[in-house]
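Counting convention: from 1, in listed order, for ligands and their atoms alike.
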Amino acid sequence: MVRQGGSSQPRLKTRAQMELMRRAGRLVSEALAMCRRMAVPGCALSELDSAVEALFVSRGAQPLFKGYPGKVPYPGSTCLSVNEQVVHGLPGARMLQEGDLLKVDTACRLDGWCADAAVTLGVGRVSSGKDRLRRVTEEVLQLAIRELASGVKRRGLWSEVAKRMQLHAESAGFQMVTQYVGHGIGETMHEPPQVPNYFDRETLGTDFRLVPGLVLAVEPMVNMGVSQTKVLRDHWTVVTRDGLPSAHVEHTLALTADGVWVITSDRDDDVVK
Ligand code: MF3
Ligand code: CO
(Lines give C-alpha, C1' and ligand atoms only; values in the text may rest on other atoms or scores of the structure.)
(Ligands and ions follow the chains in the order given, each with its own letter.)
Protein backbone atom coordinates (compact mmCIF):
# COMPACT_ATOMS: atom_id res chain seq x y z
CA MET A 1 0.00 0.00 0.00
CA VAL A 2 1.00 3.62 -0.41
CA ARG A 3 3.10 5.01 2.44
CA GLN A 4 1.11 7.46 4.54
CA GLY A 5 1.65 9.89 7.38
CA GLY A 6 0.49 9.29 10.93
CA SER A 7 0.51 6.19 13.08
CA SER A 8 -2.03 4.17 15.02
CA GLN A 9 -2.11 1.08 17.17
CA PRO A 10 -2.23 -2.39 15.63
CA ARG A 11 -5.08 -4.73 16.59
CA LEU A 12 -3.59 -7.93 18.01
CA LYS A 13 -5.07 -11.30 16.98
CA THR A 14 -5.79 -14.42 19.01
CA ARG A 15 -4.45 -17.81 17.97
CA ALA A 16 -7.98 -18.85 16.92
CA GLN A 17 -8.14 -15.83 14.61
CA MET A 18 -4.69 -16.66 13.22
CA GLU A 19 -5.90 -20.20 12.48
CA LEU A 20 -8.74 -18.70 10.43
CA MET A 21 -6.28 -16.45 8.61
CA ARG A 22 -4.25 -19.55 7.78
CA ARG A 23 -7.22 -20.94 5.82
CA ALA A 24 -7.41 -17.73 3.78
CA GLY A 25 -3.62 -17.84 3.41
CA ARG A 26 -3.64 -21.35 2.09
CA LEU A 27 -6.14 -20.33 -0.60
CA VAL A 28 -4.02 -17.33 -1.61
CA SER A 29 -1.02 -19.64 -1.84
CA GLU A 30 -3.01 -22.03 -4.07
CA ALA A 31 -3.93 -19.11 -6.34
CA LEU A 32 -0.28 -18.12 -6.66
CA ALA A 33 0.77 -21.71 -7.38
CA MET A 34 -1.84 -21.86 -10.13
CA CYS A 35 -0.45 -18.64 -11.64
CA ARG A 36 3.06 -20.13 -11.51
CA ARG A 37 1.85 -23.04 -13.67
CA MET A 38 -0.09 -20.79 -16.06
CA ALA A 39 2.52 -18.05 -16.56
CA VAL A 40 4.08 -19.20 -19.85
CA PRO A 41 4.77 -17.18 -23.02
CA GLY A 42 1.48 -16.39 -24.80
CA CYS A 43 -0.65 -16.40 -21.65
CA ALA A 44 -2.69 -13.18 -21.36
CA LEU A 45 -2.66 -11.36 -18.01
CA SER A 46 -6.47 -11.33 -18.06
CA GLU A 47 -6.47 -15.16 -18.13
CA LEU A 48 -4.46 -15.28 -14.90
CA ASP A 49 -6.76 -12.76 -13.26
CA SER A 50 -9.94 -14.61 -14.27
CA ALA A 51 -8.54 -17.92 -13.06
CA VAL A 52 -7.67 -16.49 -9.64
CA GLU A 53 -11.04 -14.82 -9.28
CA ALA A 54 -12.83 -18.06 -10.26
CA LEU A 55 -10.78 -20.03 -7.72
CA PHE A 56 -11.62 -17.60 -4.90
CA VAL A 57 -15.31 -17.51 -5.77
CA SER A 58 -15.52 -21.32 -6.10
CA ARG A 59 -14.23 -21.62 -2.50
CA GLY A 60 -16.60 -19.00 -1.14
CA ALA A 61 -13.83 -16.39 -0.73
CA GLN A 62 -13.97 -12.72 -1.63
CA PRO A 63 -11.24 -11.27 -3.91
CA LEU A 64 -10.02 -8.21 -2.00
CA PHE A 65 -8.43 -6.16 -4.77
CA LYS A 66 -11.56 -5.95 -6.94
CA GLY A 67 -13.14 -2.52 -6.52
CA TYR A 68 -10.42 -1.32 -4.09
CA PRO A 69 -10.91 2.46 -3.84
CA GLY A 70 -8.56 4.74 -5.79
CA LYS A 71 -8.84 7.46 -8.47
CA VAL A 72 -10.64 4.66 -10.30
CA PRO A 73 -11.68 1.50 -8.43
CA TYR A 74 -9.16 -1.33 -8.92
CA PRO A 75 -10.47 -3.43 -11.82
CA GLY A 76 -8.96 -6.87 -11.10
CA SER A 77 -8.62 -9.60 -8.49
CA THR A 78 -4.85 -9.66 -8.91
CA CYS A 79 -2.09 -7.14 -9.51
CA LEU A 80 0.07 -8.37 -12.41
CA SER A 81 3.18 -6.27 -12.89
CA VAL A 82 5.70 -7.03 -15.64
CA ASN A 83 9.40 -6.07 -15.78
CA GLU A 84 9.73 -2.34 -14.93
CA GLN A 85 6.25 -2.38 -13.36
CA VAL A 86 6.76 -2.52 -9.60
CA VAL A 87 3.26 -3.19 -8.21
CA HIS A 88 -0.44 -2.61 -9.02
CA GLY A 89 -0.09 -3.61 -12.71
CA LEU A 90 -3.51 -4.05 -14.34
CA PRO A 91 -4.53 -7.45 -15.74
CA GLY A 92 -5.41 -6.71 -19.38
CA ALA A 93 -4.94 -8.25 -22.83
CA ARG A 94 -1.14 -8.07 -22.63
CA MET A 95 0.50 -11.44 -23.30
CA LEU A 96 3.46 -12.75 -21.38
CA GLN A 97 6.71 -13.12 -23.30
CA GLU A 98 9.76 -15.28 -22.77
CA GLY A 99 12.10 -13.42 -20.41
CA ASP A 100 9.43 -11.37 -18.62
CA LEU A 101 9.70 -10.91 -14.87
CA LEU A 102 6.12 -11.19 -13.60
CA LYS A 103 4.91 -10.15 -10.16
CA VAL A 104 1.62 -11.73 -9.09
CA ASP A 105 -0.04 -10.20 -6.02
CA THR A 106 -3.43 -11.25 -4.67
CA ALA A 107 -5.53 -11.38 -1.52
CA CYS A 108 -8.83 -12.84 -0.38
CA ARG A 109 -11.18 -12.88 2.61
CA LEU A 110 -12.46 -16.28 3.74
CA ASP A 111 -14.91 -16.62 6.65
CA GLY A 112 -14.21 -13.02 7.62
CA TRP A 113 -10.40 -13.17 7.66
CA CYS A 114 -7.91 -11.90 5.09
CA ALA A 115 -4.58 -13.00 3.64
CA ASP A 116 -2.35 -11.23 1.11
CA ALA A 117 0.74 -12.54 -0.73
CA ALA A 118 2.83 -12.01 -3.86
CA VAL A 119 5.44 -13.88 -5.87
CA THR A 120 7.89 -12.89 -8.61
CA LEU A 121 8.12 -15.38 -11.48
CA GLY A 122 10.42 -15.67 -14.47
CA VAL A 123 8.50 -16.40 -17.69
CA GLY A 124 10.50 -19.06 -19.54
CA ARG A 125 14.20 -18.25 -19.36
CA VAL A 126 14.98 -14.84 -17.90
CA SER A 127 18.27 -12.91 -17.98
CA SER A 128 20.73 -13.59 -15.19
CA GLY A 129 20.27 -10.01 -13.96
CA LYS A 130 16.51 -10.41 -13.56
CA ASP A 131 16.97 -13.80 -11.97
CA ARG A 132 19.42 -12.39 -9.42
CA LEU A 133 17.00 -9.54 -8.64
CA ARG A 134 14.23 -12.11 -8.03
CA ARG A 135 16.48 -14.23 -5.83
CA VAL A 136 17.75 -11.34 -3.73
CA THR A 137 14.18 -10.09 -3.20
CA GLU A 138 13.13 -13.55 -1.98
CA GLU A 139 16.16 -13.57 0.32
CA VAL A 140 15.07 -10.19 1.73
CA LEU A 141 11.66 -11.65 2.67
CA GLN A 142 13.17 -14.84 4.17
CA LEU A 143 15.59 -12.71 6.16
CA ALA A 144 12.68 -10.62 7.44
CA ILE A 145 10.87 -13.77 8.61
CA ARG A 146 13.95 -14.99 10.53
CA GLU A 147 14.54 -11.55 12.05
CA LEU A 148 10.87 -11.35 13.10
CA ALA A 149 11.19 -14.74 14.81
CA SER A 150 14.18 -13.61 16.83
CA GLY A 151 12.77 -10.09 17.29
CA VAL A 152 9.49 -11.24 18.85
CA LYS A 153 11.41 -13.21 21.50
CA ARG A 154 13.15 -10.08 22.78
CA ARG A 155 10.32 -7.64 22.00
CA GLY A 156 12.52 -5.90 19.45
CA LEU A 157 11.46 -3.18 17.02
CA TRP A 158 10.28 -3.52 13.41
CA SER A 159 12.86 -0.88 12.37
CA GLU A 160 15.66 -3.34 13.23
CA VAL A 161 14.18 -5.84 10.77
CA ALA A 162 13.64 -3.16 8.11
CA LYS A 163 17.25 -2.00 8.41
CA ARG A 164 18.51 -5.51 7.69
CA MET A 165 16.16 -5.92 4.73
CA GLN A 166 17.40 -2.68 3.20
CA LEU A 167 21.02 -3.60 3.85
CA HIS A 168 20.62 -6.98 2.14
CA ALA A 169 19.09 -5.42 -0.99
CA GLU A 170 21.68 -2.65 -1.12
CA SER A 171 24.62 -5.01 -0.55
CA ALA A 172 23.52 -6.83 -3.70
CA GLY A 173 23.64 -3.50 -5.60
CA PHE A 174 19.87 -3.00 -5.67
CA GLN A 175 17.53 -0.36 -4.24
CA MET A 176 14.54 -0.77 -1.96
CA VAL A 177 11.33 1.01 -2.99
CA THR A 178 10.27 3.45 -0.26
CA GLN A 179 6.99 4.92 -1.57
CA TYR A 180 5.11 1.67 -0.83
CA VAL A 181 5.01 -0.30 2.40
CA GLY A 182 3.57 -3.47 3.92
CA HIS A 183 0.74 -3.36 6.42
CA GLY A 184 -1.12 -4.98 9.25
CA ILE A 185 -3.88 -7.34 8.11
CA GLY A 186 -6.83 -9.10 9.75
CA GLU A 187 -10.54 -8.68 9.18
CA THR A 188 -9.55 -6.02 6.64
CA MET A 189 -6.64 -6.12 4.19
CA HIS A 190 -5.01 -2.86 5.26
CA GLU A 191 -4.72 -2.20 8.98
CA PRO A 192 -2.19 -0.41 11.15
CA PRO A 193 0.78 -0.56 11.46
CA GLN A 194 2.58 0.51 8.29
CA VAL A 195 5.42 -1.89 7.57
CA PRO A 196 8.22 -0.11 5.65
CA ASN A 197 11.02 -2.16 4.09
CA TYR A 198 13.69 0.43 4.83
CA PHE A 199 14.86 2.69 7.59
CA ASP A 200 15.03 6.47 7.92
CA ARG A 201 14.07 9.19 10.39
CA GLU A 202 10.50 9.26 9.10
CA THR A 203 9.89 5.52 9.55
CA LEU A 204 11.07 5.83 13.16
CA GLY A 205 7.90 7.87 13.79
CA THR A 206 5.70 4.87 12.95
CA ASP A 207 7.99 2.20 14.45
CA PHE A 208 6.40 -0.54 16.58
CA ARG A 209 7.41 -3.31 18.93
CA LEU A 210 7.30 -6.96 17.84
CA VAL A 211 4.77 -8.70 20.10
CA PRO A 212 2.79 -11.94 19.83
CA GLY A 213 -0.58 -11.31 18.17
CA LEU A 214 0.73 -8.98 15.47
CA VAL A 215 -0.15 -10.08 11.95
CA LEU A 216 1.77 -8.31 9.20
CA ALA A 217 1.85 -8.42 5.41
CA VAL A 218 5.55 -7.93 4.68
CA GLU A 219 6.18 -7.01 1.05
CA PRO A 220 9.64 -5.88 -0.08
CA MET A 221 9.85 -4.24 -3.52
CA VAL A 222 13.39 -4.15 -4.88
CA ASN A 223 14.58 -2.24 -7.97
CA MET A 224 17.57 -3.08 -10.14
CA GLY A 225 18.28 0.63 -10.66
CA VAL A 226 16.95 3.73 -8.91
CA SER A 227 14.44 3.37 -6.07
CA GLN A 228 12.11 6.09 -7.41
CA THR A 229 8.79 5.13 -8.95
CA LYS A 230 5.90 6.82 -10.73
CA VAL A 231 2.26 5.94 -11.38
CA LEU A 232 1.08 5.58 -14.99
CA ARG A 233 -1.94 7.44 -16.37
CA ASP A 234 -4.14 4.40 -15.75
CA HIS A 235 -3.99 5.64 -12.09
CA TRP A 236 -2.66 2.29 -10.82
CA THR A 237 0.42 0.82 -12.47
CA VAL A 238 3.56 1.75 -10.53
CA VAL A 239 6.74 1.69 -12.66
CA THR A 240 10.41 2.36 -11.96
CA ARG A 241 11.51 5.86 -12.99
CA ASP A 242 14.47 4.52 -14.95
CA GLY A 243 12.55 1.70 -16.64
CA LEU A 244 14.79 -0.99 -15.11
CA PRO A 245 13.19 -4.16 -13.70
CA SER A 246 11.68 -4.52 -10.25
CA ALA A 247 10.79 -7.52 -8.07
CA HIS A 248 8.17 -7.87 -5.32
CA VAL A 249 7.32 -10.71 -2.93
CA GLU A 250 4.93 -10.79 0.00
CA HIS A 251 3.82 -13.07 2.82
CA THR A 252 1.25 -12.61 5.54
CA LEU A 253 3.05 -13.41 8.81
CA ALA A 254 1.66 -13.96 12.31
CA LEU A 255 3.88 -13.34 15.34
CA THR A 256 3.33 -15.84 18.17
CA ALA A 257 5.17 -16.83 21.34
CA ASP A 258 6.43 -19.96 19.59
CA GLY A 259 7.57 -18.45 16.31
CA VAL A 260 6.38 -16.75 13.12
CA TRP A 261 3.52 -18.47 11.30
CA VAL A 262 3.82 -18.10 7.55
CA ILE A 263 0.09 -17.62 6.96
CA THR A 264 0.39 -17.66 3.15
CA SER A 265 2.76 -20.64 3.01
CA ASP A 266 2.11 -23.55 0.65
CA ARG A 267 2.92 -25.87 3.56
CA ASP A 268 0.73 -26.82 6.54
CA ASP A 269 1.78 -25.39 9.89
CA ASP A 270 4.75 -23.48 8.48
CA VAL A 271 6.38 -21.94 11.58
CA VAL A 272 9.79 -20.26 11.70
CA LYS A 273 11.25 -20.40 15.20
N1 MF3 B 1 -0.39 -6.13 -1.77
C2 MF3 B 1 -0.71 -4.80 -2.25
C3 MF3 B 1 -0.96 -3.89 -1.08
O4 MF3 B 1 -1.14 -4.38 0.00
C5 MF3 B 1 -1.81 -4.83 -3.24
C6 MF3 B 1 -2.92 -3.85 -3.14
S7 MF3 B 1 -3.77 -3.85 -4.63
C8 MF3 B 1 -5.19 -2.98 -4.44
O9 MF3 B 1 -0.94 -2.68 -1.21
F10 MF3 B 1 -5.85 -3.07 -5.51
F11 MF3 B 1 -5.87 -3.50 -3.48
F12 MF3 B 1 -4.88 -1.74 -4.16
CO1 CO C 1 -0.16 -6.25 0.66
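- Ring orientation note: the planes of His88 and Tyr180 are nearly perpendicular, at an angle over 60° on the 30°/60° scale.
- The CG atom of Leu101 lies 12.5 Å from the NE2 atom of His248; values are rounded to the nearest 0.5 Å.
- Between Asp116 and ligand 1, an N or O atom pair is found at a separation short of 3.5 Å.
- A salt bridge links Arg26 with Asp268: the distance from a Lys NZ or Arg NE/NH1/NH2 to an Asp or Glu carboxylate oxygen falls below 4.0 Å.
- Between Glu250 and ligand 1, an N or O atom pair is found at a separation short of 3.5 Å.
- When distances from the Co ion (ligand 2) to the N, O or S atoms of Asp116 are compared, OD2 comes out shortest.
- Dense packing is recorded around CZ of Arg94, with more than 12 heavy atoms of other residues, nucleotides or ligands lying under 6.0 Å away.
- Counting heavy atoms closer than 4.0 Å to ligand 1, residue Trp236 contributes side-chain atoms (C-beta onward) but none from N, CA, C or O.
- Dense packing is recorded around CZ of Arg155, with more than 12 heavy atoms of other residues, nucleotides or ligands lying under 6.0 Å away.
- At a threshold of 4.0 Å, the pair Arg59-Glu30 counts as salt-bridged, since one of the basic side-chain nitrogens sits closer than that to a carboxylate oxygen.
- Taking backbone and side-chain atoms together, Glu219 has an N/O/S atom less than 2.8 Å away from the Co ion (ligand 2).
- At a 3.5 angstrom cut-off on N or O pairs, Glu219 counts as close to ligand 1.
- Of all protein heavy atoms, the one lying nearest to atom 7 (S) of ligand 1 is Cys79 SG, 3.5 Å.
- In terms of protein heavy-atom proximity, atom 9 (O) of ligand 1 is closest to Met1 N, 2.6 Å.
- Put simply, part of Met189 is less than 4.0 Å from ligand 1, judged by heavy atoms.
- Looking only at distances, a side-chain donor or acceptor of Gln85 sits under 3.5 Å from a matching main-chain atom of Val82.
- Between Ile263 atom CD1 and Glu19 atom CD the span is 8.0 Å, to the nearest 0.5 Å.
- Taking only non-hydrogen atoms, the option from Thr106, Asp105, Val195 nearest to atom 2 (C) of ligand 1 is Asp105.
- Coordination check, His183 versus the Co ion (ligand 2): passed, since an N/O/S atom of the residue sits under 2.8 Å.
- In terms of distance to the Co ion (ligand 2), the nearest N, O or S atom of Glu250 is named OE2.
- Considering backbone and side-chain N/O of Leu64, none are found under 3.5 Å from N/O of ligand 1.
- For a threshold of 3.5 Å applied to N or O pairs, the pair formed by Tyr74 and ligand 1 contains no separation below that value.
- Cluster annotation: Val262 is not connected to Val215 through the hydrophobic network of ILVMFWY side chains, with a link wherever side-chain heavy atoms come within less than 4.5 Å.
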